[in-house]
Protein chains: 2
Amino acid sequence: MIKQHILVTVDNVIFTISENQVQVLLIKRNADPFKWTRAIPGWFVLESEDCEQAAYRELQEETNVKNVYLEQLYTFSDVKRDPRGRVISIAYMALVARENMTIKAGSDAAEANFFPIENLPKLAFDHKKILGYALQRLRRKIEYTNVAQYILPKKFTLSELQKVYEIVLGQDIDVRNFRKKVDKIWLVKATWEKEIGVKYRPAKLYKFVESKLKIVEVL
Amino acid sequence: MIKQHILVTVDNVIFTISENQVQVLLIKRNADPFKWTRAIPGWFVLESEDCEQAAYRELQEETNVKNVYLEQLYTFSDVKRDPRGRVISIAYMALVARENMTIKAGSDAAEANFFPIENLPKLAFDHKKILGYALQRLRRKIEYTNVAQYILPKKFTLSELQKVYEIVLGQDIDVRNFRKKVDKIWLVKATWEKEIGVKYRPAKLYKFVESKLKIVEVL
DNA sequence: CTAATAGTGTCTCTGAGACACTATCTA
DNA sequence: TAGATAGTGTCTCAGAGACACTATTAG
């Protein structure tokens, strides 16, 4: 065998939508390097777990989350990406409904908060690059799959579904064309319930019929 | 810092087309584990290089190749994927024109050969899984980008271009529809040359105008 | 002139996108 | 009844796919 000293981490780009914006979870680091700087949550992979397990474990450390979508993004391995030495990072992207999640600060963090992607603080390491990559993946993926369901609550209105697309893609979509597509392609079903507590005409609530990730032409 | 003993390798799935088949380069391992078993070429990442550099270096070790397309595929990290211990592998996919390449056996290999993907030998480690993943990526990518150019010689006939699609996708394509698409979307230009040495009507030779990878609707 | 591949145009159907009004609820 | 959002149908245009014959070359 060979002598090699490379450390392996995972980093989780955790997206959600709230306040009509795509938001990403960032921690404030409580240790050097980049002490007090914001960063994507991540940690070293244990020898007894694969990277995906590590990503889930890390996810549980920062959030209390159920029903999350997790996907491996890319492996970042620039020689100088970490001042402590040679560290590569396998980046994951997670999508969660805001309501399915509470935040706590993990062991490496002074605090953890969501930030709208339009207004990000300075980030540690190469995390800006990782985040850019994740956002690009999210935008592509939402166009040809039904991942959007992971960002929505179990029951949702079609307006909410549409809003997710408009927010992620950053452009308005015609209501009628959108609904035509949803009718044809998505596995959604109207429930008999309606929105409550709104001060206008309440919308029908829908639910997803299948929760599997499907490759579909959405827009 | 943390104590962690994980080794990091890169593995290259090198595709080409010859004899009307998609072929992949496999080595015969000359050392344990899996001695004499076929495997995707790969090696440990050096501490002084990032993974992409490692993949290129490895590529040069097995082949003499110019003008290759290389793309990171996925990182495989099953705890038990390597009997020697904890080893993760960042897999890359390479596409090369057969004419741009000669094969040599690298230091870890008794021999190196191309195998048609329809007829593969038993593979070491989790390389079957990696190969399956690569093939899937190739099929998707060829549909919405112009990567096909990397598999073709500098000058090629439209029939050859079409053949690449038919072989990779495993289905026939209508000649006229294919050419309409190529006209509209691709950056190809007819040269004034024609095929020589064929015993039938020689086809015009075309070349790619731009060599950048573009996202295009191809089929 | 035969064998073999190159090369070309039209029609149909489906899906994407533009577009505006009525319905229903709350307060 | 005013304010606010939900919800619905049609037309046009572009692109996808089905389809068959003529052109050119070597031998």
Side-chain angles (χ1 to χ4, degrees), chain A residues 19-20 139-140 142-146 148 152-153 155-167 169-207 214-219, chain B residues 19-20 139-140 142-146 148 152-153 155-167 169-207 214-219:
Chain A
E19 296 162 26
N20 284 348
R139 293 209 167 107
R140 298 219 87 205
I142 207 175
E143 280 194 302
Y144 73 91
T145 71
N146 58 356
L152 286 169
K155 290 174 184 170
F156 54 88
T157 68
L158 293 182
S159 300
E160 287 171 330
L161 179 58
Q162 180 172 345
K163 201 84 194 176
V164 170
Y165 278 87
E166 291 179 333
I167 292 167
L169 299 176
Q171 60 184 255
D172 289 352
I173 300 167
D174 179 87
V175 196
R176 284 163 292 186
N177 293 339
F178 184 77
R179 287 177 184 232
K180 260 188 300 181
K181 262 295 167 70
V182 169
D183 272 355
K184 230 173 288 179
I185 290 167
W186 277 60
L187 300 164
V188 298
K189 216 172 104 177
T191 67
W192 292 110
E193 297 169 71
K194 297 192 168 188
E195 269 182 311
I196 49 172
V198 292
K199 54 176 186 292
Y200 46 78
R201 174 178 176 180
K204 267 190 246 174
L205 291 174
Y206 286 73
K207 61 181 179 183
K214 285 195 66 152
I215 307 298
V216 289
E217 280 306 317
V218 176
L219 288 183
Chain B
E19 295 162 27
N20 285 347
R139 293 209 167 108
R140 299 218 86 203
I142 207 175
E143 279 194 302
Y144 72 93
T145 71
N146 58 357
L152 287 168
K155 289 173 185 168
F156 53 90
T157 68
L158 293 183
S159 299
E160 286 171 329
L161 179 57
Q162 180 172 344
K163 201 86 195 172
V164 170
Y165 277 86
E166 291 179 334
I167 292 166
L169 299 176
Q171 60 184 256
D172 289 352
I173 301 167
D174 180 86
V175 197
R176 286 161 294 185
N177 294 339
F178 184 77
R179 287 176 185 232
K180 261 189 297 182
K181 262 295 169 66
V182 169
D183 273 355
K184 232 175 286 181
I185 290 167
W186 277 60
L187 300 164
V188 299
K189 218 172 103 176
T191 65
W192 292 110
E193 297 169 74
K194 296 191 168 186
E195 269 183 309
I196 50 173
V198 292
K199 55 177 184 292
Y200 45 80
R201 175 177 175 180
K204 269 192 242 176
L205 291 174
Y206 285 73
K207 61 180 179 183
K214 285 195 67 152
I215 308 298
V216 289
E217 278 308 315
V218 175
L219 285 183

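Please read all numbers here as calculations on a predicted model, not as lab measurements.
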Give the nucleotide from the list [options] with an atom nearest to the side chain of [X].
{"X": "A/Ala203", "options": "C/dA6, D/dG7, D/dA4", "value": "D/dG7"}
{"X": "A/Arg179", "options": "D/dG7, C/dT8, D/dT10", "value": "D/dG7"}
{"X": "A/Asn177", "options": "D/dA16, C/dA27, C/dC19", "value": "C/dC19"}

Using whole Å, what does the distance between atom [atom2] of nucleotide [N] and atom [atom1] of [X] come to?
{"X": "A/Asp183", "N": "D/dG7", "atom1": "CG", "atom2": "P", "value": "11 Å"}
{"X": "B/Lys163", "N": "C/dG7", "atom1": "NZ", "atom2": "P", "value": "15 Å"}
{"X": "B/Phe178", "N": "C/dA6", "atom1": "CZ", "atom2": "C1'", "value": "14 Å"}
{"X": "B/Glu193", "N": "C/dA6", "atom1": "CD", "atom2": "P", "value": "17 Å"}
{"X": "B/Lys199", "N": "C/dC1", "atom1": "NZ", "atom2": "P", "value": "23 Å"}
{"X": "A/Ile173", "N": "C/dA16", "atom1": "CD1", "atom2": "C1'", "value": "13 Å"}
{"X": "B/Lys194", "N": "D/dT24", "atom1": "NZ", "atom2": "C1'", "value": "7 Å"}
{"X": "B/Arg176", "N": "D/dC21", "atom1": "CZ", "atom2": "C1'", "value": "8 Å"}

| request: Looking only at non-hydrogen atoms, find the nearest pair between A/Val164 and A/Leu152 and report the distance. | output: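 Looking at all heavy atoms of both residues, the shortest contact is CG2-CD2, 3.7 Å.
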Student check: side-chain heavy atoms of [X] and [Y] closer than 4.5 Å:
{"X": "A/Asp183", "Y": "A/Lys180", "result": "no"}
{"X": "A/Ser159", "Y": "A/Arg179", "result": "yes"}
{"X": "A/Lys163", "Y": "A/Phe156", "result": "no"}

| field | Residue met sooner reading DNA chain C from 5', once A/Pro202 and A/Lys184 are mapped to nucleotides | value |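 Looking at the nearest nucleotide for each, A/Lys184 comes out on the 5' side.
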| If you find the nucleotide of DNA chain C closest to A/Asp174 and the one closest to A/Arg201, which residue's nucleotide is nearer the 5' end? |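 Between the two, 5'-proximity favours A/Asp174.
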| said: Classify B/Lys180 by what it touches in the nucleic acid, base, sugar-phosphate, or nothing, heavy-atom distance under 4.0 Å. | reply: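 Since a base atom lies under 4.0 Å of B/Lys180, the category is base.
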| request: Indicate, with a heavy-atom threshold strictly under 4.0 Å, whether A/Thr157 touches base, sugar-phosphate, or nothing. | output: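 Here A/Thr157 touches no strand at all.
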| task | Applying side chain to side chain contact (heavy atoms under 4.5 Å, CB included) between A/Glu193 and each of A/Lys155, A/Lys204, A/Lys207, report the one that passes. | result |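 Single side chain to side chain contact (heavy atoms under 4.5 Å, CB included) partner of A/Glu193 among A/Lys155, A/Lys204, A/Lys207: A/Lys155.
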| message | Whether B/Lys204 contacts C/dA6 is assessed here as follows: a side-chain N or O lying under 4.0 Å from the phosphate OP1 or OP2. Is that the case? | response |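 False: B/Lys204 side-chain N/O out of range (4.0 Å or more) of C/dA6 OP1/OP2.
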